[in-house]
Amino acid sequence: MSIGLNLMENKKINAGITVFPGSNCDMDVYYALKDVFNLNVSFLWHKDEFHNFKNYDFIVIPGGFSYGDYLRAGALAARSRVMKSIKEYADGGGIVLGICNGFQILLESGLLKGAMLTNKSLKFECRDVYIKNISGNNFNKNNNSNNNKSGNNNNRENPFTCLIEKDAVLKLPIAHHDGNYFAENNELEDLFSSGHVAFQYCNEDGAVSDDSNPNGSLKNIGGLFGENFNVMGLMPHPERASEKILGSDDGAKIFNSIIYYIKNK
Amino acid sequence: MIDRYSLPEISNIWSLENKYNTWLQVELAICSAYNKIGRIPDKSLENILKNAKFDVAEIEETEKITKHDVIAFLTNVAKYVGEDSRFIHLGLTSSDIGDTSFSLLFRQALNLNLSKAKILAESLLQKALKYKYTSMMGRTHGIHAEPITFGFKLLIFYEEINRGIVRLNKAIETVSCGKLSGAVGTFANFPPEVEKIALDILDLKPILSNQVIQRDIYAECFYAIASLGASCEKIALEMRHLMRTEVSEAEEAFSAGQKGSSAMPHKKNPIVSENICGLSRILRSNLMSALEDIPLWHERDISHSSVERIITPDSTILMYYILNQLINLIDNMVVHEDRMLKNMQLTKGVIFSQKVLLAMIDKGMLREDAYKIVQKLAHQAIQTETEFAVLLKNNDDVLKYLNEAEINNLFDINYYYKNIDFIFERSMSLFPPPATAGNAITKATVRVILKDEVLDPQGKAVLSVLKSSGYNNIEDVRVGKHIELTIRQNNIINNIDKIDNIDAHDGNNDNGAVNDNIDINGSSKNNMSGLTQKMLSKELKDISEKILSNPIIENFNIEINN
């Protein structure tokens with residue numbers, strides 16, 4: 001192990017969390033990142049642009065109801081000043097995780113493809129669900145040549161699932177009204193074939209079906225990567241499942257992946 | 001006026017329906033005035049105001065018998081009012097109603113023309129600013145004189161149309177007069193205070209009259225129209241000159257499918273300009289008739305009436321048509337800036353002759369001598385098709401006063417444009433851009449709805465409620481958003497860059513590309529120049545596409561209202 005890497009391991013990771021009027025998971029994410037994962041955490045106010053991109057190892061756009069979901073969920077937040085900077089940050093390779101409303105904001109800002117519709121049930125869905133990691137990432141294992149031979153190119157390096165086995169099932173809570181993912185047919189096919197779908201809703205055993213789809217999302221999509229795999233939108237809330245005491249610590253796998261990725265990149 | 005030249009909004013003013021309606025307004029204003037002085041009881045006035053109406057067809061039937069339109073009208077109104085109709089038309093003569101109404105109708109028609117003329121001014125200014133620095137030849141007597149810019153030429157038109165607007169405004173002020181003073185105008189059977197109150201209600205001024213309003217009042221309106229028409233004709237005439245094959249500096253837009261000639265397929269003719277030039281002649285000849293209406297016998301004769309019946313609708317309708325045509329022409333004209341430059345070079349640089357002359361005098365040469373030399377070499381340049389500068393440089397007399405570098409410096413076109421900014425600033429402070437461009441408030445509605453192929457859970461829920469409430473005929477429900485925007489249009493001068501973008505975006509004259517899924521409703525269309533419409537449409541489309549809707553799942557349409 002090089003000296004450089006040692007230094008990196010000793011250095012605290014810096015995370016930013018955006019705050020919009022109506023964000024309500026910002027403090028949950030703050031708690032998880034600071035107290036559970038021991039990171040340096042600071043907030044990014046929606047009215048401010050920022051340009052000190054090097055000060056952030058990654059940024060989380062938390063859940064909530066930014067701007068009261070007026071016009072469309074995430075629509076107004078996506079046009080805020082802080083999002084202008086986040087787009088630049090992401091275009092430069094910065095890691096951005098959008099959770100729930102954060103996912104909607106990423107879609108509205110064009111960092112992710114597609115759009116969210118109202119849940120098919122018309123209800124606010126608030127419960128634990130299962131999602132399956134279909135990104136097949138194995139950043140920590142260098143002997144993944146078998147996967148490569150299989151011919152699919154899902155085998156992308158990415159910060160969000162690099163410590164999660166392919167096809168692993170996570171138990172995470174959802175809490176949303178507009179999580180019904182939509183994209184046009186050909187775009188949907190492209191997203192799958194290019195490995196941009198991160199997670200699909202499934203049952204406890206990993207079976208993907210309409211029964212395990214909580215909101216009507218096309219192809220049960222619950223998590224999606226941006227074009228360069230440095231941005232991810234995730235409908236369930238990993239921050240609410242990052243300690244055993246909360247009923248599941250599967251969410252920690254996502255944050256641990258990000259931390260591992262940053263330290264080893 | 002024949003249908004071909006009649007735009008509905010102005011023809012409607014001269015419809016029988018509107019004429020009788022105006023008569024009724026006048027009669028009712030008089031009744032209200034009589035009521036104020038205690039001559040008509042409140043109850044009766046209330047009844048009159050509530051029930052007074054007319055039927056055009058019935059009036060026409062009655063007129064066949066009475067041979068008198070006002071009497072036929074009053075008979076018809078009486079039918080609807082009943083007994084209280086005895087209070088209508090008290091102490092009046094037909095001309096009181098006829099002339100007062102005529103003023104009101106004329107004012108309506110002039111006001112409509114005024115709003116169109118303002119749009120024309122706006123269009124001219126927008127184009128003048130766009131071509132402010134576009135070099136072209138200035139011509140006197142049809143012969144190359146000195147350089148100007150195309151924007152300068154258009155600015156001349158802008159100021160002139162603005163003077164036309166001033167004249168129209170004055171005409172509107174002049175025609176805003178009424179006459180309610182009975183036969184021969186002595187108030188013998190009609191109280192002057194009733195005239196005052198009634199005319200106040202109608203927003204008209206009283207004017208000393210015999211039996212009729214004196215016709216110089218109306219002649220002034222016809223002059224304002226004929227003069228504005230002549231100015232429009234002048235602009236159209238310029239377009240015809242610029243479009244001549246040998247000149248080819250600007251042309252009318254030629255739409256897809258348009259044909260120039262039945263025999264010669266290559267033709268693109270200045271038909272709109274020629275149309276304007278022709279129609280303007282009618283406005284001028286109608287002015288002659290209007291002037292001839294001024295001298296009437298004694299306290300009146302009726303020789304003016306038949307003339308006015310024709311020329312007033314005709315002139316106001318034609319004026320409106322001309323303005324409309326010219327606005328379209330200006331908004332969509334095609335300008336060949338390269339050809340303008342090429343034409344300037346036709347005369348081999350002799351257009352700089354005055355500068356050469358002045359420079360030689362400046363250096364000490366006698367004016368007569370200098371003139372003789374410059375004239376000789378300039379004519380020689382054209383005859384032998386040799387560059388004027390070359391001839392100057394080879395002439396020993398010239399070289400005694402000017403060296404080669406000094407001669408080169410004289411051939412600088414920018415010299416002629418050093419005051420172009422000043423010229424524009426002065427015009428625009430004299431005639432600030434019209435209100436429609438500067439401060440107009442426009443309302444727009446944007447409707448956003450999920451695309452057909454996208455599931456609308458809300459619509460489905462509403463549908464199921466409708467079904468369970470027994471409305472079984474409802475097939476489907478889609479729920480969308482209705483967003484209303486109030487827009488204060490920026491001053492067009494600040495948006496001059498945007499205009500360029502839009503034109504580049506648009507190609508020649510087809511604004512379909514921008515106005516896809518945008519409806520501009522009738523009155524807005526009439527109150528905005530084409531460029532303003534385009535600018536507004538573009539902005540609204542941007543807003544709708546980028547923010548108000550999510551194009552992945554939603555469609556939108558825009559409606560612009562005034």
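The structure displayed is predicted, hence computed values, not measured ones.
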When rounded to the nearest 0.5 angstrom, what is the spacing between [atom1] in [X] and [atom2] in [Y]?
{"X": "B:I330", "Y": "B:I119", "atom1": "CD1", "atom2": "CD1", "result": "13.5 Å"}
{"X": "B:M428", "Y": "B:F431", "atom1": "CE", "atom2": "CZ", "result": "13.0 Å"}
{"X": "A:I105", "Y": "A:L76", "atom1": "CD1", "atom2": "CG", "result": "10.0 Å"}
{"X": "A:F50", "Y": "A:I86", "atom1": "CZ", "atom2": "CD1", "result": "5.0 Å"}
{"X": "B:L129", "Y": "B:F424", "atom1": "CG", "atom2": "CZ", "result": "6.0 Å"}

Item to check | Side chain, backbone, both or neither of B:I547 within contact of chain A (heavy atoms, under 4.5 Å) | outcome: both

Checklist entry - Given a strict heavy-atom distance threshold of 4.5 Å, which part of B:I483 is in contact with chain A: side chain, backbone, both, or neither? => result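 For B:I483, the contact with chain A is made by the side chain alone.
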
Next on the checklist: For A:L71, which atoms come within 4.5 Å of any heavy atom of chain B: side chain, backbone, both, or neither?
Outcome noted: both

Distance-only donor-acceptor pairs under 3.5 Å across chain A and chain B:
residue : atom : partner : partner atom : Å
A:L71   : O    : B:K481  : NZ           : 2.7
A:R72   : NH1  : B:I547  : O            : 3.1
A:R72   : NH1  : B:L548  : O            : 2.8
A:R72   : NH2  : B:I547  : O            : 2.7
A:R79   : NE   : B:K546  : O            : 3.2
A:R79   : NH2  : B:K546  : O            : 2.2
A:E108  : OE2  : B:N550  : ND2          : 3.2

Next on the checklist: Between A:N203 and A:V208, is there a side-chain heavy-atom distance shorter than 4.5 Å?
Outcome noted: no

Next on the checklist: Using 30° and 60° as the class boundaries, would you call the ring planes of A:F229 and A:F225 parallel, tilted or perpendicular?
Outcome noted: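 Rings of A:F229 and A:F225: tilted, 30 to 60°.
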
